[in-house]
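One structure below.
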Number of protein chains: 2
Amino acid sequence: MVQGLSADSSSYSFTPLVVLELASDTKQEATAWLLSRIRDRQQNGGAELLVEQLGPGAGAQEKENPNMFLVGATWQRLLTGAEDVGLFKEFNDGSMRGFTCANKHNFKDFKGYGDSFLSMAECQYIIKHELDTLRAKDETHVPGHTQAKLYPGKSIIRRLQSKGILIQVFPLHDKEELKRLSFSWYKKVKFSFQPLDDIRHYYGEGQALYFGFLEYFTFALVPMALIGVPYYLFDWEDYDKYVVFAVFNLVWCTVILELWKRCSTSLAYIWGTLSRKKAFEEPRPGFHGVLGFNPVTGREEPLYPNTKRQLRIYLVSLPFVLLCIYLSLYVMMIYFLMEGWALSVHDEEPTFWTGILLFIPSVIYAVVIEIMNLVYRYVAEFLTEWENHRLESSYQNHLVLKVLVFNFFNCFASLFYIAFVMQDMVLLRQSLATLLITSQILNQVMEAFLPYWLQRRRNKKMMRNVQKRRAVEDVELALAEQVRLEADMSMYLGTFDDYLELFLLFGYVSLFSCVYPLAAVLVVLNNITEVYSDAFKMCHVFKRPFSDPAANIGVWQLAFEAMSVIAVVTNCSLIGMSSQVKAYFPDSELQLILWTVAIEHGLLAFKFILTFLIPDVPKHIQINLARLEFESLEALKKKRQLHGGKCLKPRSSVRGCSEEERRSCRR
Amino acid sequence: MVQGLSADSSSYSFTPLVVLELASDTKQEATAWLLSRIRDRQQNGGAELLVEQLGPGAGAQEKENPNMFLVGATWQRLLTGAEDVGLFKEFNDGSMRGFTCANKHNFKDFKGYGDSFLSMAECQYIIKHELDTLRAKDETHVPGHTQAKLYPGKSIIRRLQSKGILIQVFPLHDKEELKRLSFSWYKKVKFSFQPLDDIRHYYGEGQALYFGFLEYFTFALVPMALIGVPYYLFDWEDYDKYVVFAVFNLVWCTVILELWKRCSTSLAYIWGTLSRKKAFEEPRPGFHGVLGFNPVTGREEPLYPNTKRQLRIYLVSLPFVLLCIYLSLYVMMIYFLMEGWALSVHDEEPTFWTGILLFIPSVIYAVVIEIMNLVYRYVAEFLTEWENHRLESSYQNHLVLKVLVFNFFNCFASLFYIAFVMQDMVLLRQSLATLLITSQILNQVMEAFLPYWLQRRRNKKMMRNVQKRRAVEDVELALAEQVRLEADMSMYLGTFDDYLELFLLFGYVSLFSCVYPLAAVLVVLNNITEVYSDAFKMCHVFKRPFSDPAANIGVWQLAFEAMSVIAVVTNCSLIGMSSQVKAYFPDSELQLILWTVAIEHGLLAFKFILTFLIPDVPKHIQINLARLEFESLEALKKKRQLHGGKCLKPRSSVRGCSEEERRSCRR
């Protein structure tokens, strides 16, 4: 069927989109086999992609890996791939529909051969999908590597990756587009929205949603920040006002989280990821187990009993997490000892230096918290890996849960202790400010400047080599240089850490908002710099990530909502505990507490009712989705009415006729 | 395409399944038009069903309506109808799949012509669906009834119903099957499970799920009842034990509600309603508005602005509900006045009669509550009708919400008042018992015995007429008699009231469980009689209802869960308020309350975590569903790979060839 595209088509010139890097000790036959499988036609079970070995770079040293391959595809192959991955594109009538080759001409921006209908990120995503779904046929192992066994029907690429033969697969940057994007994103000085559509176009939906959320979150905090400023400036201490501020904050937090769902749905609808169906999820590369038959697919693959995993989770991971939390609380108690010691030193002989000494325990503690978070993160990854989850999504959920719970305790335990055990509001305010500011500074350094500095050092070294060689050799080596430069860049590890940071910031803002109204201001300022530093690191520090067609921010929505529930509890108790409110109930503390509890329950109930009242999907999108569904139902009905007679006729005659005729038609 | 089935096929003998009753003053031409539309072929936009006028009954008096029509269908028509409604049946491999005529032979119980593959309830459901989707073509109004306008593409039957021309559509009972079912259901004396599959076979999934839930709920309460008995017998008053009991109850309530989800999923899977896709929802018959174009379907139909509806809800319905709640609280205060008066009379001169007088206010109050519930129910229906909801589901949700909130206040307000304002545990226990027992007795009378008695009177009258005529005429009139008998039976109004009753019982059990441990015992006893009286009324009092392919108990799951959350709050406060617990904290009531609140929050958090931990769908069903999805994905992929070449070839040549060939094939 496919003409003009044979196994030798890799010799044509093509746009390289994705880079495959094999280990330098890969056997020649393994490489040849892999390339032929990638180039082979789809009917024969190949991926039908174009692939070419990268020539030696300008800085070709003995250390350089020769096994770098560039992968691309023909325009037609990309279109069929777009159908395979279930890409949604804008239709002629403005709605978003799943792309199919059969009615490609009805899609809005489709103009014919080689146009910009598919973005580079989409093409790269398609190629990644096609590579990932390249399945073993009857090979028992990778040629030349007997230890790397293959099972019929399982992904070759994942197998190679887990066996260490394939080092990395990454998409190439597009220098021109990147320059344009980074200009409109963070190089313009004027205040404007982020170019979310361009970000999505270049990095995919997952990234764009993160930046969309960051922007939304920042704007959503502005009212809180604005209201918080006069509290700080005029030192408003009367609790009437604080109560108003706290209640506003609590309701506001619920409202913004609900409205974000609508926002994210709108974005996902425009970007076509909302209605997209998830493909069948393959096991993670690292998953291992005894060979057996998968009850779902019926294929032979490693199986791992669920009970064994549950045992690992409940008997090892859970106790370990609890132990870590205990450790974190222990460290907290040491901090309070230090704090007390510094205070006593300062009280004995107050000088300028002892005044500074007062802040040192907090700063040390903040640094220790960050270090503990970092260490715990690695251990959590190791543990979750060891739990041997079959699916990436289940792995991610368990990892997020582990990290969230620990980070929550680690960051906020001392504040809880100060607020509810020591009941020292001045210290609480001071600690909150110290923790917030220190963690922000540390984060910016760790996240952007450190990688940038490392990257620059690497780049300079590379550039020196390049300059040396360029004098001698051709200028045409630009592509090879770029590939090798990018291969050396750090891997972007996903939006996990970015969301986690926002989550903790949200905690600082919401949990104790009635004590430190300035928190929102600090977080807004931080977020503004965060946009720039994140944008910068995406464009210049990390490898380009594969796009991730996300329809929402996933488990993080839940995490933020949980935080806002906890915030209701903490704020109500803080207000109930304050001496100013206590003055209203001079006779009976009982009355005060009962009122506090009643109001707290009322607020919680209100939150839940609000969650129900605000629909998650905006009306116009609901209508659009309903229309598409209605159309497909009608089409199905028409089809049935056309073929409805089949049930009434004897089957054999109907089928016999058309089958024979069709066969003759093919001849 | 359809041969041997023409418009005159109604003259054949056929099994009548559904009865249509038109108003006796319907014009002749309207009847003729409706029948011809029902009989017309599907290609011409008809329903292609068999329909016959019912002959005069045995008791033919002048009052008798001659416009009764029996509707049936050929076996083939039922099969195509089964595909239309998306019926799920058991496949050869044991999985449940959507029935299609094309591969009918691969379904398990399909044996050929006229077998029991489709149950009578399914056939009736199919006929109802086909009648409901019979759409107007270019008629502007019903012939002979110019006031009954028709709009192209809108359901004729719904229009006739809302204009009062069509009085009722109901499915016929099957005397033989009903006898068998009622024998296995409630006539056997031995203790056994209900024949849920038979119930589903006869009444459909919605009914069967209700009875399944009733049975499940009864069994789930048995442990609570068993633990509650010794508390009552030995008068255990020490609160250690009560705390244990209350905590057990709270956790138990959460667990049983979660497990019910699994149960209901299993049932819905076996019955094939779990994966069934909802058809596009048509407007309710009573919906009215200004003519416009539906943004979803593009058809001309009445539109009603959402803002207007919102205004009606928030400016009329909401204040009205609040007013009703206020009224209900007012009645409650009158009850307390009466109670106090009776107590004072008894205290002055205690005799046997004043002893009885003590109970009279509670009994009167219980009766008043039931009457108020009943009256409110009608008003709520009227209001919700007036809110003019477009969809039946939205109407139902608003009705359920209105009724639930009011019933909750009406039934439980006095208990809350006694518990938390008067803090009189003895009175609470007494009131709880009186309310529970009175409402149970009233319910059984109102629900089963009253309708039964009315029905029997009607039946006897009818029978006397029949006997009179039978002497004169033929014995063959049995069918006509049955139809006219059933047409006179009361209409079954759905499971709403049954679920509402269970909901209130659940409230009595869970809200104050630590005060009156015997409540669970009473509810278990009530439920056992409830099974029998409900079964009896379904079989002998009401018309057979159309089956309702439900996959779960819908909004009631949410209502029960909300009740279990409220129960945590009430039970914790009851325990915190008890004098025995107060004795543990002699010095500080503050400590006590803080502990109570902390434990309450802990329990609530535990409930939510439990909800997450217990998966809603049992593992084996998850696997089955995943397998079906995987298979359909694989099939789609194969189909794409076969036709994948299309994208690469010029389209015209491919299509031209096959289209021409096909046309020649048909000739």
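Chain A is the first sequence line, chain B the second, and so forth, proteins listed ahead of strands; every chain is numbered from 1.
The contact between A/Glu600 and chain B is made entirely by side chain atoms (from C-beta outward), counting heavy-atom distances below 4.5 Å. The part of A/Val569 that comes within reach of chain B is its side chain, from C-beta onward, which places non-hydrogen atoms under 4.5 angstrom from that chain. With a 4.5 Å cut-off on non-hydrogen atoms, B/Ile623 touches chain A through its backbone and its side chain both. Interface remark: A/Leu558 contributes side-chain atoms only to the contact with chain B (heavy atom separation under 4.5 Å). For chain A, the nearby part of B/Leu594 is the side chain; its heavy atoms alone come within less than 4.5 Å. In this structure, chain A has no heavy atom under 4.5 Å from any part of B/Glu631. With a 4.5 Å cut-off on non-hydrogen atoms, A/Phe420 does not touch chain B at all.
Residue B/Glu629 places its CD atom among 12 or fewer non-hydrogen atoms of other residues, nucleotides or ligands, all under 6.0 Å distant.
Here the closest heavy-atom approach between residue A/Lys619 and residue B/Asn306 is recorded as NZ-ND2, 4.4 Å.
A perpendicular orientation is assigned to the rings of B/His601 and A/His601, their planes being inclined by more than 60° (bins at 30° and 60°).
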